[in-house]
Amino acid sequence: MKKRILATSLALMCAFTLLAAPARAFAPPENDSGISVQSETVRWYYRMNNGVLEMRLWSITYQKWLTEWVVCPEQP
C-alpha cells in the first residue's frame, strides 16, 4: 500500500511540474526585434521523364520551385 501511495504521489508531482513549466520554454527563439525564427517547409516532387526518374524541390512556404528537374541518383 505504501508503495502505491508513493508511486501515485511521485507521478502527480511529475505531472504538476510538467504542467507548471512556462509556455515560453516551449516557444521558438526570438531575435532582438521580437520576430520568431522559423524554417522553410519544402517538398520533393518526382516524375518519370523518358524512362529517367527526376526530382524537383518545391517551397511550400514561398510557393515556388527552388530547383530545376534533376536526375535522381542511382539507388544501390
Side-chain angles (χ1 to χ4, degrees):
M1 184 69 174
K2 288 183 182 181
K3 288 182 180 179
R4 184 178 289 172
I5 293 172
L6 181 62
T8 304
S9 59
L10 183 60
L12 286 173
M13 286 191 304
C14 289
F16 288 133
T17 303
L18 291 175
L19 293 175
R24 182 117 174 109
F26 301 107
E30 294 183 359
N31 58 14
D32 294 338
S33 64
I35 299 172
S36 65
V37 179
Q38 296 180 357
S39 63
E40 179 179 8
T41 306
V42 295
R43 179 175 180 196
W44 284 102
Y45 283 89
Y46 298 89
R47 74 174 181 183
M48 189 65 76
N49 185 24
N50 294 328
V52 177
L53 185 62
E54 297 178 334
M55 62 184 183
R56 194 172 190 187
L57 189 61
W58 173 257
S59 171
I60 298 171
T61 307
Y62 299 112
Q63 297 290 305
K64 67 177 184 177
W65 291 110
L66 299 177
T67 64
E68 296 298 320
W69 288 105
V70 294
V71 177
C72 289
E74 294 282 329
Q75 296 295 323

- Query: What residues, two or more places apart in sequence or in another chain, satisfy side-chain contact (heavy atoms from CB on, under 4.5 Å) together with I60?
  - Reply: T41, R43, W58, Q63
- Query: Mind checking what makes side-chain hydrogen bond (donor to acceptor under 3.5 Å, both in side chains) contact with S59, not counting sequence neighbours?
  - Reply: E40
- Listed once per pair and sorted, the salt bridge (charged side-chain N to carboxylate O under 4.0 Å, His left out) pairs that draw on residues 55-65, sequence neighbours left out: R56-E68
- Message: Running the 4.5 Å side-chain criterion over Ile, Leu, Val, Met, Phe, Trp and Tyr, what cluster does V71 land in, apart from itself?
- Response: V52
- Item | Side-chain hydrophobic cluster, 4.5 Å single linkage: members besides M48 | V42, W44, Y46, L53, M55, L57, L66, V70
- Enumerate the residue pairs fulfilling salt bridge (charged side-chain N to carboxylate O under 4.0 Å, His left out) with a member in residues 45-54, sequence neighbours excluded, ordered by first and then second residue. R47-E54
